[in-house]
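Numbers restart at 1 for each chain; the letters A, B, ... are given by sequence-line order, proteins then strands.
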Amino acid sequence: MLDARFIKENVDAVKEALRKRNYEFPLADYIAIEEKRITVMREVEELRNRRNVVSEEIGKLKRQKADASPQLEEMKAVAEKIKSLDDRLRAVEEETRALILTIPNIPHESVPVGRDENENIEVRKWGVPRQFDFKPPLNHWDIAEALDIIDFDRASKISGARFALMKGAGARLERALMNFMLDTNTSKGYKEVFPPIIVNRESMTGTGQLPKFEMELFRIADPEFYLIPTAEVPVTNIHRDEILKETELPVYYTAYTPCFRREAGSYGKDTRGLIRQHQFNKVEMVKFVKPEDSYAELEKLTDNAEDLLRKLDLPYRVVALCTGDLGFSSAKTYDLEVWLPGQDKYREISSCSNFEDFQARRANIRFKREGKKGTEFVHTLNGSGLAIGRTVVAILENYQQKDGSVVIPEILRPYMGMDRIG
RNA sequence: GGAGAGGUGGCCGAGUAGGUCGAAGGCAGCCGCCUGCUAAGCGGUUGUGGGGGUAAAACUUCACCCAGGGUUCGAAUCCCUGCCUCUCCGCCA
């Protein structure tokens with residue numbers, strides 16, 4: 001959420017930001033209603049002041065056993081007026097809040113301007129895609145089914161499309177990756193947490209999934225809850241409605257959680273395999289930092305995610321998302337894309353974002369500077385480290401052998417208790 | 001699922017015959033004083049958000065005693081609903 005006053009004082013900048021994002025928004029309507037909100041608010045406050053003053057008088061008169069009927073008469077009218085204006089104020093407030101919650105974040109000045117994902121900018125590349133002495137390299141689902149480590153058919157019997165049943169070494173690989181990632185992240189100062197994975201509406205609003213993206217979430221109807229689409233939601237909301245001490249910052253968390261996504265509107269995409277599932281595992285990193293540090297922290301966060309890929313010896317590239325491809329809440333995002341020989345292209349495996357104070361304002365996460373009065377919003381960041389299902393895909397495809405087996409990356413062997421599947 | 005108890009400021013904890021309560025008192029914190037160090041002692045001070053105001057302050061005003069409604073000229077105090085916490089019983093991994 002943007003600051004209401006900031007919008008008013010920087011109309012042109014906001015307009016420009018929305019335009020760069022190809023985002024349609026009735027900004028003029030919003031500003032008009034916001035001005036009305038202030039006007040009505042002043043009116044109500046003036047009346048309330050009058051009420052406070054006269055009510056005190058009435059109290060005094062009554063204690064002196066004096067007659068207060070003229071004041072009582074006046075206050076009756078005032079009270080009525082307050083009530084009706086209050087109703088109006090509430091309506092206007094709801095309207096402004098509903099609107100402001102659907103305005104996306106303003107892209108950072110370093111974000112490349114572009115229409116869609118085709119205009120994202122490659123920032124760097126690491127590793128060299130392997131040359132196979134057999135052709136063509138297989139898709140991960142063919143590899144996995146041949147090894148009997150992922151069973152898509154039975155998963156669809158149990159649940160439906162876009163679910164997977166991991167078996168034997170496949171299940172073990174999933175668990176090994178989870179542990180490897182958590183161990184690596186905690187060694188870099190991230191505190192491990194294991195949060196609830198069903199959350200309330202406030203938490204979803206805090207990080208920006210609601211109200212705009214209800215269609216992408218699994219919802220539990222009664223009582224109302226939501227399944228998290230990413231650990232970002234519960235972990236960022238750990239500090240919702242809190243005021244942190246300056247000395248506590250920065251705060252780093254890492255969490256493994258299952259994630260649940262409707263994938264509405266992606267019916268044709270990635271229908272086979274593990275790439276796009278309704279349920280998948282992910283290890284996430286989340287940071288709460290001081291505003292002046294957040295862009296340096298984004299670079300560090302991205303490097304932490306990259307380090308996982310380097311340790312697994314998987315070729316990848318880093319892409320800076322352009323303004324048209326940026327997520328709703330994000331001010332700047334780097335995507336990490338891992339090389340997939342089976343698809344002959346790079347595919348997203350991590351997304352690292354700086355939300356600046358956009359989520360902090362929604363979730364009311366503040367901090368207090370030493371010796372200064374008042375509070376400020378923190379900056380929040382998060383990044384996948386990493387999406388586990390897609391890491392499995394990358395390992396199967398990059399480490400496949402001519403005989404159909406898959407070599408386990410060096411660093412995972414202690415976790416796997418084997419150096420080869422099949 | 002059944003039966004009770006409770007939710008007050010950074011913390012502890014007063015405050016229910018409705019008015020002078022943003023809220024006693026204590027602790028912690030901060031600023032002074034004092035004590036050759038430390039402790040004790042003395043005085044003062046210390047919430048958040050919004051509006052107005054200012055160069056910035058000062059200042060002023062509204063709201064906030066879990067949340068949302070209601071009663072009333074006036075509510076931390078009365079009524080209703082919800083959420084959360086705790087205790088006992090049942091059930092259960």
Going by atom types only, do A/Asn200 and A/Ser203 share a side-chain donor-acceptor pair under 3.5 Å?
yes
Say we look at B/C80 and B/G10: how far apart would their P atoms be, to the nearest angstrom?
29 Å
Expressed in whole Å, how much space separates the C1' atoms belonging to B/G69 and B/G2?
28 Å
Between B/G43 and B/C83, how many Å separate the two P atoms, rounded to a whole number?
49 Å
By nearest nucleotide on RNA chain B, pick out whichever of A/Val54 and A/Phe225 is the more 5' one.
A/Val54
Name the nucleic acid region contacted by A/Lys60, choosing base, sugar-phosphate or nothing; use a 4.0 angstrom heavy-atom cut-off, strictly under.
nothing
Counting only Watson-Crick pairs (N1-N3 plus N6-O4 or O6-N4) and G-U wobbles (N1-O2, O6-N3), all under 3.5 Å, who is the partner of B/C37?
none
For A/Lys368, answer base if it contacts any base atom (sugar-phosphate contacts may also be present), sugar-phosphate if it contacts only those atoms, and nothing otherwise; contact means non-hydrogen atoms under 4.0 Å.
sugar-phosphate
Does B/C92 pair with anything, Watson-Crick or G-U wobble, both distances under 3.5 Å, and if so, with which nucleotide?
none
What distance, rounded to whole Å, do you find between the two C1' atoms, one in B/G90 and one in B/G4?
15 Å
The Watson-Crick or G-U wobble partner of B/G4, with both key distances under 3.5 Å, is B/C86
How would you label the contact of A/Arg5 with the nucleic acid (heavy atoms, under 4.0 Å): base, sugar-phosphate, or nothing?
sugar-phosphate
Does any nucleotide pair with B/G43 by Watson-Crick or G-U wobble geometry, both distances under 3.5 Å, and what is it?
B/C31
Base-pairing assignment for B/G22 (Watson-Crick or G-U wobble, both under 3.5 Å):
none
Scanning all shown strands, the Watson-Crick or wobble mate of B/A75 with both distances under 3.5 Å is none
Note: A/Arg369-A/Glu376 ion pair, threshold 4.0 Å (strictly below):
yes
Whether A/Ser350 side chain and A/Leu386 backbone form a donor-acceptor pair below 3.5 Å
no
By the Watson-Crick or G-U definition, both distances under 3.5 Å, B/U48 is matched with B/A63
Contact nearer the 5' end of RNA chain B, comparing A/Gly59 with A/Met41:
A/Gly59
Rounded to whole angstrom, note down the P distance from B/G13 over to B/U8.
9 Å
Please enumerate all residues that pass side-chain hydrogen bond (donor to acceptor under 3.5 Å, both in side chains) together with A/Glu35, with sequence neighbours excluded.
none
In whole Å, what separates the P atom of B/U87 from that of B/G29?
32 Å
Pairwise C1' distance, B/C31 and B/C79 [rounded to whole Å]:
47 Å
Please output the side-chain donor-acceptor pairs of residues 409-422 of chain A that fall under 3.5 Å, not counting sequence neighbours, one pair per line with the distance.
{"unit_1": "A/Arg413", "atom_1": "NE", "unit_2": "A/Ile408", "atom_2": "O", "d": "2.8"}
{"unit_1": "A/Arg413", "atom_1": "NH2", "unit_2": "A/Ile408", "atom_2": "O", "d": "3.0"}
{"unit_1": "A/Tyr415", "atom_1": "OH", "unit_2": "A/Asp183", "atom_2": "OD2", "d": "2.6"}
{"unit_1": "A/Arg420", "atom_1": "NH1", "unit_2": "A/Ser405", "atom_2": "OG", "d": "2.6"}

Under 3.5 Å, side chain of A/Thr257 to main-chain N/O of A/Cys259, donor-acceptor pair present?
no
Given the C1' atoms of B/C65 and B/A23, what is the spacing between them in whole Å?
8 Å
If pairing means Watson-Crick or G-U wobble with both distances under 3.5 Å, then the partner of B/A56 is none
Sugar-phosphate, base or nothing in reach of A/Arg90, heavy atoms under 4.0 Å
sugar-phosphate
Using side-chain heavy atoms (C-beta onward) and a distance below 4.5 Å, is A/His379 in contact with A/Glu297?
no
Passing candidate, side chain to side chain contact (heavy atoms under 4.5 Å, CB included) with A/Phe355, options A/Lys332, A/Arg361, A/Glu232, A/Arg362:
A/Glu232
Along RNA chain B, first and last positions that approach a heavy atom of chain A under 4.0 Å:
B/G19 to B/G74
